[in-house]
Amino acid sequence: MGFFQVISDLMSVEISKAYEPTKVEEKWFSKWISAKAFHADPSSDKEDYGIVIPPPNVTGVLTLGHVLNNSIQDILARRARSKGKEVLWLPGTDHAGIATQSKVERHLRETEGKGRRDIGREAFLERAWEWKEKHGGIIIKQLQKLGCSCDWGRERFTMDEEYSLEVQKCFVHFFNSGKIYRGKRMVNWCPSSLTALSDEEVIMKPQKSKLFYMRYEIVGREGEYLEIATTRPETLMGDSAVAVNPKDERYAGLIGERALRPFPEAEIPIIADEHIDPEFGTGVLKVTPAHDKADFEIGIKNDLEIIDVLNADGTLNELAGEEFSGMDRFEARDHVAAKLDDMGLLVRVEDYENNVGFSERADVPVEPRISMQWFLKYPKVEESIAAVSDHNIQFRPERWAKTYSHWMQNIQDWCISRQLWWGHRIPVWYRKDRAEELQSAESLDKETAGDALHVGVNPPQDVENWIQDDDVLDTWFSSWLWPFATMDDPTRQKFYPTADLVTGPDIIFFWVARMIMAGYEFTDDKPFSNVFFTSIIRDKKGRKMSKSLGNSPDPLDLIAKYGADALRFSIMRIAPSGTDVRFIENKNKDEADGNDYPQVEEGRNFANKLWNAARFRQMQGSNDEVKKLPGFEKLSIYDIDILSKLDSLNEELSESYSSYKFQEIANKLYDFFWSEFCDWYLESIKLSLRDDADQERRKIVLTVFDTILSGYLMQLHPYMPHITEELWEKLGFGNDGELLMQRILPKEKILSGYDKNLVQEASNKTSAIHEATTKARHIKAQYNLAANRNVKFLLQTQSNWVQGELEVLKLLCGAGEIVIDNSYEPSPGTPTFLTQIGKMFMPLEGLVDIEAEKTRINKEIQKVEKDLKQTVGKLSNPKFTERAPQEVVQENLDRKDSMKKKLEQLQEMLQNLS
RNA sequence: GCGCGGGUAGCUCAGCGGUAGAGCAACUGGUUUACACCCAGUCGGUCGGCGGUUCGAUCCCGUCCCCGCGCACCA
């Protein structure tokens, strides 16, 4: 679109009365795409700015958390562009092993009534890929609706061919360096997903449980029993010992004896172990090495039998005895207790609250289970700890650094294998003739493997003689490579390490810490310089938003109702840095209109305000002749004031951006535009814009208006990209169809060439006019004349400049007339008030309510007296005058003087009334 | 148990040593040639409790009470 086209549009296409976001937002997204405005050029000379998206689950849908997170990233990216940087915002998704696999499995069961094993691995993976193709694009489209300026051509997926290769390389690398090993260990087992989990995927939840007190007879001492307290009687069939503390005198004589496990009946040793707390329960522990981590260790130490009584799915097996075989673990709990009771071995049952580990994804209690798994010894731990504590990588808010360092210092080997099919298959092959032996080996690593094991990104040449490991890798074992495995060489050279990472604190261990370690291991560099942790969005009642609670509104509905810009802006305005936010949803009686979101209404209202200010500007017509601001003397005090406020805004925003204070930025943008620009400036220039106004002055005002509006649109753009772009075009601010998002912020201040003192003076005068306006409006309202625009004011003033501002003042306070009359003598009861420009009167011939005026003045006197007393009190304290800083003392002295003067005048006014 | 964050107007949040702020809600007026998704005005707070430091504390320190989160964990 050419320049003339823009101008003619400006003249011909009227801006609608209310802002309608939907079309505008769609239009601009496609314009940006076709202008390649999001494209990152690795060969650019500009300074680089890189950011990788935290990849959402490929089959997921957008949540408010994503809205917050990605709005922040978009703001950072757009801001960086406006600072003249070459920006790469790299998008993509991850394959979300467990989540996706269970979705596909559920679908398979619902549509075909089959499990994954019924159709086999290959067929299942085909279905999974189909599912991914079908649902994988949804969240990407949703991010685009938000206006995210990712370089969409670079979209990556953790199971892309190239990316998968990187994951395999990573595995091979660690295997070869001895950091990866396979071993039989006690792991967290999810009986629902039928896979091992890492420690991080287990969530401890307090549970209302029962503590069962039961007794085991001591062998050879008929009638003598050991009383044992347990929360899990259903595992007693796996008991292989009973343990007491060696220092516990109550049981000292029993160590070395045997106890009788009731069923399946067996004699098991009574052993001593330091680990037993004599204070807990009866001080006697049943030792079940196969089903408890601590018991497992006691078992190893004491060479106890390991009896696994559970199946993978959490049912009991034949070792538990025929009657329990196949029974669910929780059902079995009651049955075992009942059986003990029948045998007279159940002493009592108490209510008891304990913490139970739940599977993060499946939300079922996790089983400690001994199984064969692959583990990784974390690399570069020390270096990664140092990077954060040295601020080489800066966490914001900083306090998360402590959480990070605590976790890093207590880090355990990472269980990286998952018994799933959807994911990166472990690149390990066992030679057929020795497969069984190797797969059941207690431990397996680079040293012990020999040539019967093939570990490599490519299968062995004679693959028919080999068997590949069945397991896949933890999804996080692929996403920890995200910041660099997504980039080709030129891209990596230009944009790596990336500048910022924006994510939630809930994945600080899962992802952030691991990316740092992977960065140092594979690139010898940090993956990013700053990590910004966002708020967590909660509902009205403070609960985390989740699908199962159904308390998370669909952002797409919000976008449809209020617009993407409004949603972005609103969420940035309410999200504090460093703590959680409550998102309010009010039920709307009018079903058709959906629910109300008062916080998002604010954003919509703000967009509408902006829209209408631009509409007002458009109604004034184009202003081609005057493009540059004139000299000081041609500008009004209001012009100077608003220009100087925009300069300050720009400066303050830079500061806020540098400390990542996104909420503060939103508030400053809001206040400047609504309060300063619309409420004051725009109202003060309406006189100059009238048709009968001085034409030169009119043009200057329009120039100022355009300077402010265009400068402001540039600043607002990262928060509200669509509407700003639309208005930029509609008002013809871009040269030759230039996009706002490609505009670079000017380095120079608007008023840099003007005399600072004169600017300050103009601002002071402006604020004096504003103050007088506020007081005049106030007094009108008190006399129920708020809407009356014919009120007359009289003014006594010593300031000559005020004369020139009377017309504007008249307009601002809605007066019919304001006259300067220094010899005016008000009749008793005339409402009078003191302002920075002088004493003002509102004569109301015949309408004066003397009592009301007395009350009003008395009220003010009381207020001033109170303040004065406080100030005088302060000043009469020698400690204050001696120790407080000089300027604070001076401030109070000035305050005292002006209040005294004011008090005198008020008292005089009061006297005049009687 | 250890650690972190929060408790400011009815609600959502700012402020974090120098006389308490915004938006929404409520109330009173108002269609004045951008906007009722609006304008003008009003009401509303011993800044969680108690101590301390300071000339001065919502802000710093101690302590306690609530709310949220992380880590650890005794069956």
Side-chain angles (χ1 to χ4, degrees), chain A residues 15 17-19 204 211-212 228-232 235 243 275-288 292 294-295 352 354-355 397 399-400 402-403 406-407 410 505-506 508-509 536 538 540 542-544 562 566 573-576 578-584 586 598-599 601-620 663-664 667 670-671 674-675 678-679 682-683 686 689-691 774 777-782 784-789 811 813-814 866-867 870-871 874-875 877-885 887-889 891-892 895:
Chain A
I15 302 184
K17 198 169 172 183
Y19 176 51
M204 301 304 281
L211 195 55
F212 298 83
I228 304 167
T230 182
T231 53
R232 300 202 65 189
T235 63
H275 172 259
I276 315 303
D277 176 6
E279 303 291 315
F280 185 88
T282 60
V284 185
L285 173 73
K286 69 191 240 342
V287 184
T288 324
D292 185 279
D295 289 11
Y352 183 67
N354 64 339
N355 282 320
R399 62 190 163 83
W400 293 109
K402 204 167 174 176
T403 307
H406 182 256
W407 183 78
N410 295 285
D506 46 341
I508 188 166
F509 311 137
I536 289 173
R538 301 181 175 279
K540 214 174 176 176
R543 299 173 303 181
K544 202 168 165 174
Y562 301 105
R573 261 200 108 193
I574 58 169
T579 185
D580 297 350
V581 223
R582 286 180 192 225
F583 192 82
I584 306 296
N586 290 330
Q599 291 158 320
E601 278 173 21
E602 280 188 38
R604 178 204 52 189
N605 295 354
F606 184 59
N608 191 58
K609 188 75 178 174
L610 177 66
W611 185 257
N612 274 288
R615 186 164 160 260
F616 176 76
R617 170 62 191 88
Q618 196 193 37
M619 287 170 167
Q620 311 308 321
Q663 185 183 40
E664 188 176 275
N667 283 331
Y670 186 96
D671 291 342
W674 203 306
S675 309
C678 290
D679 288 350
L682 203 149
E683 293 304 326
K686 281 183 175 169
L689 294 176
R690 284 186 186 160
D691 291 341
T774 303
R777 285 172 179 171
H778 172 96
I779 207 136
K780 279 176 68 183
Q782 280 198 325
N784 288 323
L785 296 167
N788 188 314
R789 301 191 69 81
L811 188 77
C813 54
K866 195 183 149 207
D867 288 356
Q870 208 175 13
T871 309
K874 232 181 215 182
L875 288 165
N877 181 351
K879 283 180 180 167
F880 172 73
T881 47
E882 282 160 26
R883 299 191 197 178
E887 61 268 26
V888 176
V889 176
E891 202 182 302
N892 278 276
R895 192 182 297 156

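Just so it is clear, the values below take in all heavy atoms, side chains as well, and ignore hydrogens, waters and symmetry mates. Chain A is the first sequence line, chain B the second, and so forth, proteins listed ahead of strands; every chain is numbered from 1.
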Table of protein N/O atoms under 3.5 Å from nucleotides 2-4 of chain B N/O atoms:
| from | atom 1 | to | atom 2 | distance (Å) |
| --- | --- | --- | --- | --- |
| B:rG3 | O3' | A:K402 | NZ | 3.4 |
| B:rC4 | OP1 | A:K402 | NZ | 3.1 |
| B:rC4 | O2' | A:R399 | NH1 | 3.4 |

Distance, P atom - from B:rC2 to B:rC73, rounded to whole angstrom: 16 Å
By side-chain contact (heavy atoms from CB on, under 4.5 Å) - contacts of A:L211 (at least two apart): A:Y213, A:A229, A:T231, A:F280, A:E350, A:Y352
B:rC37 base / A:R604 side chain donor-acceptor hit below 3.5 Å: yes
A:Q620 side chain vs A:F616 backbone, donor-acceptor pair below 3.5 Å: yes
Nearest-neighbour nucleotide for the A:L285 side chain, B:rA34, B:rA75, B:rG18 considered: B:rA75
Donor-acceptor under 3.5 Å (A:K780 side chain, A:G814 main chain): yes
C1' atoms of B:rG7 and B:rU12, separation to the nearest Å: 14 Å
Sugar-phosphate only, base, or nothing, as touched by A:P505 at under 4.0 Å among non-hydrogen atoms: nothing
Sugar-phosphate only, base, or nothing, as touched by A:Y352 at under 4.0 Å among non-hydrogen atoms: sugar-phosphate
Separation of the C1' atoms in B:rU32 and B:rC16, to the nearest angstrom: 42 Å
Sugar-phosphate, base or nothing in reach of A:E887, heavy atoms under 4.0 Å: nothing
Touch class at under 4.0 angstrom, heavy-atom based, for A:N877 against every strand present: sugar-phosphate
Whichever of A:Q599 and A:T871 has its nearest RNA chain B nucleotide further upstream toward 5': A:Q599
Whichever of A:K686 and A:N354 has its nearest RNA chain B nucleotide further upstream toward 5': A:K686
Donor-acceptor pair under 3.5 Å, A:N608 side chain vs B:rC35 base: no
Closest listed nucleotide, where the reference is the side chain of A:T231 and the choices are B:rC73, B:rA75, B:rU32: B:rA75
Length of the line joining A:N612:CG and B:rA34:C1', which is rounded to integer Å: 5 Å
Sugar-phosphate, base or nothing in reach of A:L682, heavy atoms under 4.0 Å: base
Listed nucleotide nearest any side-chain atom of A:D277, set B:rC24, B:rC37, B:rA75: B:rA75
Distance, rounded to the nearest Å, where A:N784 contributes CG and B:rG29 contributes C1': 8 Å
Spacing between A:I228 atom CD1 and B:rC74 atom P, to the nearest angstrom: 17 Å
Nucleic acid footprint by protein, nucleotides 39-44 of chain B - heavy-atom cut-off 4.0 Å, B for base, S for sugar-phosphate alone: SSSS--
d(CZ, A:F616; C1', B:rA34) in whole Å: 6 Å
Below 4.0 Å: OP1/OP2 of B:rU33 and any side-chain N or O of A:R690: no
Polar side-chain atom of A:Q599 near backbone of A:I584 as donor-acceptor pair, under 3.5 Å: yes
Side-chain donor/acceptor of A:N608 to backbone N/O of A:A18, under 3.5 Å: no
Donor/acceptor link under 3.5 angstrom from A:Q620 side chain onto base of B:rA34: no
Separation between the C1' atoms of B:rC47 and B:rU19, rounded to whole Å: 15 Å
Identify the pairs formed between an N or O of the protein and an N or O of nucleotides 56-61 of chain B at a distance under 3.5 Å, and give each distance.
none

Under 3.5 Å donor-acceptor, A:K286 side chain and A:T230 backbone: no
B:rC50 versus B:rC37 - spacing of their C1' atoms, nearest Å: 47 Å
From B:rG30, B:rA34, B:rC71, nucleotide with atom closest to A:H406 side chain: B:rC71
Can you give me the N/O atom pairs linking the protein to nucleotides 8-11 of chain B at distances under 3.5 Å, or say none if there are none?
none

B:rA20 versus B:rU58 - spacing of their P atoms, nearest Å: 9 Å
Nucleotide B:rG1, atom P - distance to CD of A:E279 in whole Å: 16 Å
B:rC43 versus B:rU28 - spacing of their P atoms, nearest Å: 15 Å
Inter-nucleotide P distance (B:rA25, B:rC11), Å rounded: 15 Å
Stem regions touching RNA chain B, defined by at least 3 consecutive Watson-Crick or wobble G-U pairs below 3.5 angstrom: B:1-7 with B:65-71, B:10-13 with B:21-24, B:26-30 with B:38-42, B:48-52 with B:60-64
Sugar-phosphate only, base, or nothing, as touched by A:R538 at under 4.0 Å among non-hydrogen atoms: sugar-phosphate
